[in-house]
K.L.:
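Here's a structure for you.
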Amino acid sequence: KSPIRLAISKDGKLLYVVCENTNEVLVVGTENRDIIHNIKVGSHPFGITLSPDETRIYVSNRWDDSVSVIDANSMEVTNTFSVGDDPHGMVTEASGKHLFVANLSESDISVIETEDFTEIKRLIAGTYPFDIARSPDERYIYVSNQMSNPVPFRTPSILELTTIDAERQFVVDRRELFSTLLGQG
């Protein structure tokens, strides 16, 4: 099944497991460790995040360039919408009104209005944005990139961290991260 990413409910009772090779999400009851649901999603799913109220589960589908929306009560896919090329990590801002999706192959972030699943913005990120996290105070969205920014030959790689103001959906900072790759001092 090739489980690749996980999300867990706030109460810790449900574990959501993305299975890349079988194009599904497994819902596991943590008390008995049993599979409660198998939910088919798009092709080569990767990222998973829950809406703040846990009524929706969002799953990025890498080969379809889409996101599947799962209703957490019925455990059925209720919508699928397009995003950029090769979507990976995702997160909503604190209210759940906007979903941020890292589009790896396009080096940008789709900002999705979750009321009708329309893309309202594309924000430029570092080279191959991979994962996204919300700050503890919920004010910012942080995006890490997988590949180095361009550097001269035989120069250490430089990764980048993009910081987005969650409320305004606006990039407010980019920080180069030195010495973050193995083998560098």
Side-chain angles (χ1 to χ4, degrees), residues 1-105 109-119 125 128-146 161 164 166 182:
K1 290 188 181 276
S2 189
I4 195 161
R5 299 295 288 237
L6 305 169
I8 193 161
S9 61
K10 289 177 189 172
D11 64 9
K13 293 181 180 179
L14 296 175
L15 179 67
Y16 305 96
V17 183
V18 177
C19 297
E20 186 177 36
N21 287 345
T22 55
N23 303 323
E24 66 184 332
V25 173
L26 302 179
V27 182
V28 178
T30 58
E31 188 173 314
N32 297 325
R33 300 181 189 162
D34 54 339
I35 296 172
I36 301 169
H37 297 282
N38 297 54
I39 307 163
K40 287 292 184 185
V41 292
S43 184
H44 275 343
F46 182 83
I48 187 165
T49 193
L50 306 175
S51 62
D53 63 4
E54 297 192 358
T55 60
R56 293 178 178 163
I57 305 157
Y58 300 103
V59 180
S60 63
N61 304 303
R62 294 179 49 223
W63 288 8
D64 294 343
D65 301 331
S66 68
V67 172
S68 296
V69 182
I70 300 169
D71 179 286
N73 292 317
S74 68
M75 293 296 174
E76 294 179 0
V77 174
T78 57
N79 203 324
T80 300
F81 57 89
S82 296
V83 290
D85 191 31
D86 201 4
H88 272 65
M90 302 173 298
V91 72
T92 65
E93 42 72 51
S95 73
K97 292 180 183 178
H98 298 100
L99 176 70
F100 296 80
V101 183
N103 302 313
L104 185 91
S105 295
I109 298 121
S110 292
V111 181
I112 306 298
E113 169 64 57
T114 59
E115 183 178 324
D116 58 6
F117 306 113
T118 57
E119 184 173 323
Y128 291 175
F130 192 81
D131 215 354
I132 298 181
R134 194 171 46 229
S135 66
D137 66 3
E138 300 183 337
R139 185 173 173 199
Y140 298 106
I141 305 292
Y142 297 107
V143 183
S144 64
N145 59 308
Q146 185 179 41
L161 182 70
I164 300 168
L182 293 178

K.L.:
Between Thr30 and Lys13, is there a donor-acceptor pair closer than 3.5 Å when you use the side chain of the first and the backbone of the second?
P.N.:
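It does hold such a pair.
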K.L.:
Checking Ser144 now: which residues fulfil side chain to side chain donor-acceptor pair (under 3.5 Å) with it, not counting sequence neighbours?
P.N.:
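Checked Ser144 against side chain to side chain donor-acceptor pair (under 3.5 Å); zero matches.
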K.L.:
Applying side-chain contact (heavy atoms from CB on, under 4.5 Å), can you list everything that pairs with Asn73, at least two apart in sequence or on another chain?
P.N.:
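Applying side-chain contact (heavy atoms from CB on, under 4.5 Å) to Asn73 gives Asp71.
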K.L.:
Using the test side-chain contact (heavy atoms from CB on, under 4.5 Å), find all partners of Ala166 that sit at least two apart in sequence or belong to another chain.
P.N.:
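side-chain contact (heavy atoms from CB on, under 4.5 Å) check on Ala166 returns Glu93, Ile141.
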K.L.:
Do Ser68 and Asn61 get their side chains close enough for a donor-acceptor pair, meaning under 3.5 Å?
P.N.:
yes
K.L.:
Going by the rule salt bridge (charged side-chain N to carboxylate O under 4.0 Å, His left out), which residues pair with Glu119 if we only count those two or more places apart in sequence or in a different chain?
P.N.:
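Partners of Glu119 by the salt bridge (charged side-chain N to carboxylate O under 4.0 Å, His left out) criterion, ordered by chain and then number, come out as Arg122.
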K.L.:
Which residue pairs pass the ring-ring contact (aromatic ring centres under 6.0 Å, His included) test when at least one of the two sits in residues 51-76, sequence neighbours left out?
P.N.:
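Found His44-Trp63.
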K.L.:
Is the shortest heavy-atom distance from the side chain of Met90 to the side chain of Val67 under 4.5 Å?
P.N.:
yes
K.L.:
Does Asn32 have any side-chain contact (heavy atoms from CB on, under 4.5 Å) partners at least two apart in sequence or in another chain, and if so, which?
P.N.:
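Asn32: side-chain contact (heavy atoms from CB on, under 4.5 Å) contacts with Asp34.
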K.L.:
Output all residues satisfying salt bridge (charged side-chain N to carboxylate O under 4.0 Å, His left out) with Lys1, sequence neighbours left out; order by chain, then residue number.
P.N.:
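Here the qualifying residues are Glu24.
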K.L.:
Who pairs with Asp131 by salt bridge (charged side-chain N to carboxylate O under 4.0 Å, His left out), at least two apart in sequence or on another chain?
P.N.:
Arg5
K.L.:
Answer yes or no: is there a side-chain heavy-atom contact under 4.5 Å between Thr92 and His98?
P.N.:
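Not touching, per the 4.5 Å side-chain cut-off.
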K.L.:
In this structure, which one of Val59, Val17, Val77 forms a side-chain contact (heavy atoms from CB on, under 4.5 Å) with Val25?
P.N.:
Val59
K.L.:
Check whether any side-chain heavy atom of Leu104 sits under 4.5 Å from a side-chain heavy atom of Phe130, and report yes or no.
P.N.:
yes
K.L.:
Given side chains that start at C-beta, do those of Ser82 and Asp65 come closer than 4.5 Å, heavy atoms only?
P.N.:
no
K.L.:
Return each pair, listed once, that meets salt bridge (Lys or Arg N to Asp or Glu O under 4.0 Å) where at least one residue sits in residues 40-52; pairs must be two or more places apart or across chains.
P.N.:
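Listed by first then second residue: nothing to list.
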K.L.:
Is any side-chain heavy atom of Leu161 less than 4.5 Å from a side-chain heavy atom of Val143?
P.N.:
no
K.L.:
Would you confirm whether Asp64, through its side chain, and Ser66, through its main-chain N or O, come within 3.5 Å as a donor-acceptor pair?
P.N.:
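A pair under 3.5 Å: no.
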K.L.:
As a quick check of understanding, evaluate side-chain contact (heavy atoms from CB on, under 4.5 Å) for Ile4 and Cys19, giving each step before the final call.
P.N.:
CA-CA 6 Å; Ile4 195 161; Cys19 297; over 6 Å; no
K.L.:
Could you work out, with side chain to side chain donor-acceptor pair (under 3.5 Å) as the rule, every residue matching Thr114, not counting sequence neighbours?
P.N.:
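Thr114 satisfies side chain to side chain donor-acceptor pair (under 3.5 Å) with no other residue.
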K.L.:
Examine distances only and state if a side-chain atom of Ser60 and a backbone atom of Gly47 form a donor-acceptor pair shorter than 3.5 Å.
P.N.:
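Indeed, once roles are kept as given, a pair shorter than 3.5 Å links the two residues.
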K.L.:
Which residue pairs pass the salt bridge (Lys or Arg N to Asp or Glu O under 4.0 Å) test when at least one of the two sits in residues 77-88, sequence neighbours left out?
P.N.:
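Checked against salt bridge (Lys or Arg N to Asp or Glu O under 4.0 Å) - neighbours excluded - the pairs reaching residues 77-88 are Arg62-Asp86.
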K.L.:
If a pair satisfies ring-ring contact (aromatic ring centres under 6.0 Å, His included) and one of its residues is in residues 4-30, list it, with sequence neighbours excluded.
P.N.:
none
